[in-house]
Amino acid sequence: MTNLSPKISELARPRPPMGDTNYLDALNAPQREAVEALDGPVLVLAGAGTGKTRVLTTRFAHLLAMSKARPWEILSVTFTNKAAREMRNRVAALVGESAEGIPWLGTFHSISAKVLRKHAELVGLKSNFTILDTDDQIRLLKQVILAENIDVKRWTPRHMAGLIDNWKNRGLGPDKISQSDGWSFANGKGAKVYEIYQQRLKTLNAVDFGDLLLHTLGIFLKHEDVLAEYTRKFKYMLVDEYQDTNVCQYLWLRLLARGSNNLCVVGDDDQSIYGWRGAEVDNILRFEKDFPGAKVVRLEQNYRSTGHILAAASKLITANEDRLGKTLWTDEDGGEKVKVFGVWDGEAEAIAAVEEIENWYSKHNAYADCAVLVRASRQMRAFEERFIQLGLPYRVVGGPRFFERLEVRDAHAYMRVIASDADDLAFERIVNTPKRGIGATSVQKLQQAARQLDLPLLSTARQLIQTDEITGKARTGLRALLTDIDHWRQMAETTKHAELAELVLDESGYTAMWQADKSPQAEGRLENLKELVQAMAEFDDLESYLEHVALVSERETGPSDDQISLMTLHAAKGLEFPLVILPGWEESVFPSQMALDENGNRALEEERRLAYVGLTRARQQAIIYFAANRQIYGRWQAVLPSRFVDELPPEHVEAKAETGYYGQQGNAGGGMADIVSGSSYDSPGWRRFQASKTRNKTIEGSAKAVAKPGAGGFCIGERIFHQKFGYGRIKAMDGDKVEVTFEKAGIKKLMVGFLEKPENL
DNA sequence: TGGGGGCACCTTTTT
DNA sequence: GGTGCCCCCA
């Protein structure tokens, strides 16, 4: 195991400026070039681990030091709050500026929200508009779709939400939807639903995520004077992760850059992994054409990974055609080769991988060094089970989001109702939670009346309880709720928002509802409510808290213990770990069959970029696993090693052929076999195992046994798996006949099979 | 109104 | 295989 030299790891850390421009000394030549090319458009192609953030932050500092701009004249955009936070901290440390003195550093969405709040009236909103989350968005869409008499089962709100997101990502308002686009939903009603939805949002004084950008773009396009205000303001612009921008963001940036033309974008076309969310790799591929005279700087020296890992990743990515091309290199030659292990199934994979982690721990004493990066979250379960079984500390990164939990959203809804009469979505959410006898029928009556009166639900409810339209339990319940709301609003005048929240949850009976709940989750929910109150207390007032919640979906995690990280490949972008475990490198799992079906070669290239991202997270060791059998949605499937495995350069890879599925030529592993009745499998190099009898019964169809050439065939004692009978072992062989006993769950079956002469051996 | 049964779905998800 | 959703029934 080669450790990275201290010199290298030190380079990756920011240094405070020593004098005027001493911070430049910490840069290598291309980094410095990227920092010093101050005027005009600049494209920085920053490969993985080449010091991208360092360039961005140093450039910011340099602009100040050269008196090119003041901190508030620089627009710096990132995609994630985490990236924004890191950049803010590093810039602040570098220039000694307080973090508050950098007002225009943030995510696309937070900066757009800021602009939109200022000019809300230009798009028919009030500046205190609510930002809806996905759940609200879908509930609202469902109402619209139902009202249009569209079959919600066939045309789901989720589907429509996806289409709308897509349109918004492309900068298309309801008026810009082409005939063909609109047709993709409910026989041509898509555009209409979109239009009504936008209308409803306006009435509710609300926007969804996409609107933050789309409305701002619309304002820039329609109001020259407003645009001019910002193009004058922003003398320089810095954009992080440019490969992830969508069309709307691109247009937004382009308009703003019209003033100064000082747009510097940093990105890596090889790390574009959000195409399915509207990111256009094309934006970065096209930059030089879009911004004539742009200076292009390539950062190719990698400070993160050892030579073998970097070489393996670099070779892999060359299989992609749509790329600008970079040649990453490192001073750190050697290190450990990338390991590729073939294993039996998901369980074996978790066992083997966790063994490697324990092995690492025994040498380095740090679980936090280790990360398991999976393609899909369902792969996490096997690992979690193993971690728990062995009592190893781990954390799931990017798991279920705190602010998206049911109880947290309910609590927010109460606060939103108190804050605003107009928030129908929040009102609907809490009107009968906890149960107040206000059932679906009553809510429907309310909605109907609200539409007639053209009033929000809450105001309508006030009127309706005066009449006889709602009776009995519902009327009593509604009256009590309205009285409570009035009372809470009064309290809000004098009570801090966090205390108010506690009081509201108590008095509304919401807390009591969960206390009475005997299900195992209830306790966790109560804890989350407590944490919620704490989170609220960290903000000055309710508005700033709700803004934070809307734009920052994750509760900030404090300093973490020494834990193994378990996450998806997507969540791992921007992170690095000494040891990276990459399980599930099998065709159909990774690359994901679903992605391939949907988007063909484009998707394949994106999957490959994902593989590239995964490998380049590793500093010292990367271990890839693939299984021969994978349970997908409860069905056993025999699977082949991912094509990405084959694309790795053999000289940088160490393959273990312990299962006989994979390995260098001539490596004779034991060769496990898989027998799956009823399916045929004719991939070259794989042999069929024709199973004919189980005791006296014949197994229908052909079964197969798999072993790669060179694996040496079956042997006595070898493990066999059968879909129906589970694990078994070869007990005896006689010529082509193989006797197998199945031991699982009391089944003792004897199978006799015939081994076909393999064509390819 | 709530609960149980049947059924369709199933990737990634910075904001 | 597990979950979430809808519908129907008591």
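A note on names: the letters A, B, ... follow the listed sequences, proteins ahead of strands, and every chain is numbered from 1. This structure is a prediction, so every number in the text was calculated from the model and none was measured.
Rounded to an integer number of Å, the gap from CG of Asn432(A) to P of dG2(B) is 7 Å. One interatomic measurement links the two molecules: CG of Leu604(A) to C1' of dT12(B), which rounds to 15 Å at whole-angstrom precision. The interatomic distance linking Asp597(A) (CG) with dT11(B) (C1') rounds to 12 Å, in whole Å. Rounded to an integer number of Å, the gap from CD of Gln593(A) to C1' of dC9(B) is 18 Å. Here dT15(B) presents its P atom at 20 Å from NE2 of His215(A), a figure rounded to the nearest Å. His548(A) places its NE2 atom 13 Å from the C1' atom of dT15(B), with the value rounded to the nearest Å. In this structure, the CD1 atom of Ile273(A) is 17 Å from the P atom of dT11(B), given to the nearest Å. Remark: C1' of dG2(C) and CE of Met380(A) are 17 Å apart, rounded to the nearest angstrom.
Note on Gly437(A): only backbone sugar-phosphate atoms sit closer than 4.0 angstrom, heavy atoms only; bases stay farther off. At a threshold of 4.0 angstrom between heavy atoms, the contacts of Ile438(A) are confined to the sugar-phosphate backbone, with no base atom among them. Residue contacts shown for Asp244(A) include a base, since a base heavy atom lies under 4.0 Å away. Here Gln249(A) lies out of heavy-atom contact (under 4.0 Å) with every strand. Using a 4.0 Å heavy-atom criterion, one finds that Phe108(A) contacts no nucleic acid atom at all. Here Arg381(A) lies in heavy-atom contact (under 4.0 Å) with sugar-phosphate atoms only.
For Asn205(A) and Asn128(A), the side-chain atoms include at least one donor-acceptor pair closer than 3.5 Å. With 3.5 Å as the limit, one finds no donor-acceptor pair spanning the side chains of Gln271(A) and Asp244(A). Side-chain contact check for Gln447(A) and Glu428(A): at least one donor-acceptor pair (N or O, by modelled atom type) lies under 3.5 Å. Side-chain contact, Tyr510(A) with Asp410(A): a donor N or O sits under 3.5 Å from an acceptor N or O.
Qualifying side-chain contact (heavy atoms from CB on, under 4.5 Å) partners for Arg277(A), counting only residues two or more places apart in sequence or in other chains: Tyr274(A). Residues that satisfy the side-chain contact (heavy atoms from CB on, under 4.5 Å) test with Thr78(A), not counting sequence neighbours, are Ala83(A), Ala84(A), Met87(A), Thr107(A), Asp240(A). With sequence neighbours left out, the side-chain contact (heavy atoms from CB on, under 4.5 Å) criterion links Thr50(A) to Ala46(A), Leu299(A), Leu328(A). Applying the side-chain contact (heavy atoms from CB on, under 4.5 Å) criterion to Asp133(A), with sequence neighbours excluded, gives Asp135(A), Asp136(A), Arg409(A).
Not a single donor-acceptor pair under 3.5 Å links the side chain of Glu605(A) to the backbone N or O of Asn601(A).
Closest to the Gln631(A) side chain, of the nucleotides dT11(B), dT15(B), dG1(C), is dG1(C). Listed nucleotides: dG1(C), dT15(B), dT1(B). Nearest to the side chain of Asn81(A): dT15(B). Considering only side-chain atoms of Ser377(A), the nucleotide from dT11(B), dT15(B), dT12(B) that sits closest is dT12(B). Relative to the side chain of Ala376(A), the nucleotides dT15(B), dT1(B), dT12(B) differ in distance, and dT12(B) lies closest. Distance from the side chain of Met594(A) is smallest for dC10(B) among the nucleotides dC10(B), dT13(B), dT15(B).
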Using a cutoff of under 3.5 Å, can you pull out all pairs of nitrogen or oxygen atoms linking the protein to nucleotides 3-7 of chain B, with atom names and distances?
none

Are there any protein N/O atoms within less than 3.5 Å of an N/O atom in nucleotides 6-10 of chain C, and if so, which ones and at what distance?
unit_1, atom_1, unit_2, atom_2, d
dC6(C), OP1, Lys142(A), NZ, 3.1

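Taking only distance into account, the side chain of Arg378(A) never meets the base of dT11(B) through a donor-acceptor pair shorter than 3.5 Å. No hydrogens or angles were tested; on distance alone, a donor-acceptor pair under 3.5 Å links the side chain of Arg375(A) to the base of dT12(B).
Distance CG/Asp269(A) to CZ/Phe287(A): 13.5 Å, rounded to 0.5 Å.
In summary, of the residues considered (Glu606(A), Glu598(A), Glu607(A)), a side chain to side chain contact (heavy atoms under 4.5 Å, CB included) with Ser592(A) occurs for Glu607(A) alone.
For dT15(B), the base is not stacked against the aromatic ring of Phe79(A), per a cut-off of 5.5 Å between centres and 30° between planes.
Closest-nucleotide positions on DNA chain B for Arg436(A) and Lys573(A) were compared, and the one nearer the 5' end corresponds to Arg436(A).
Residue Thr568(A) places at least one side-chain N or O closer than 4.0 Å to OP1 or OP2 of dT13(B).
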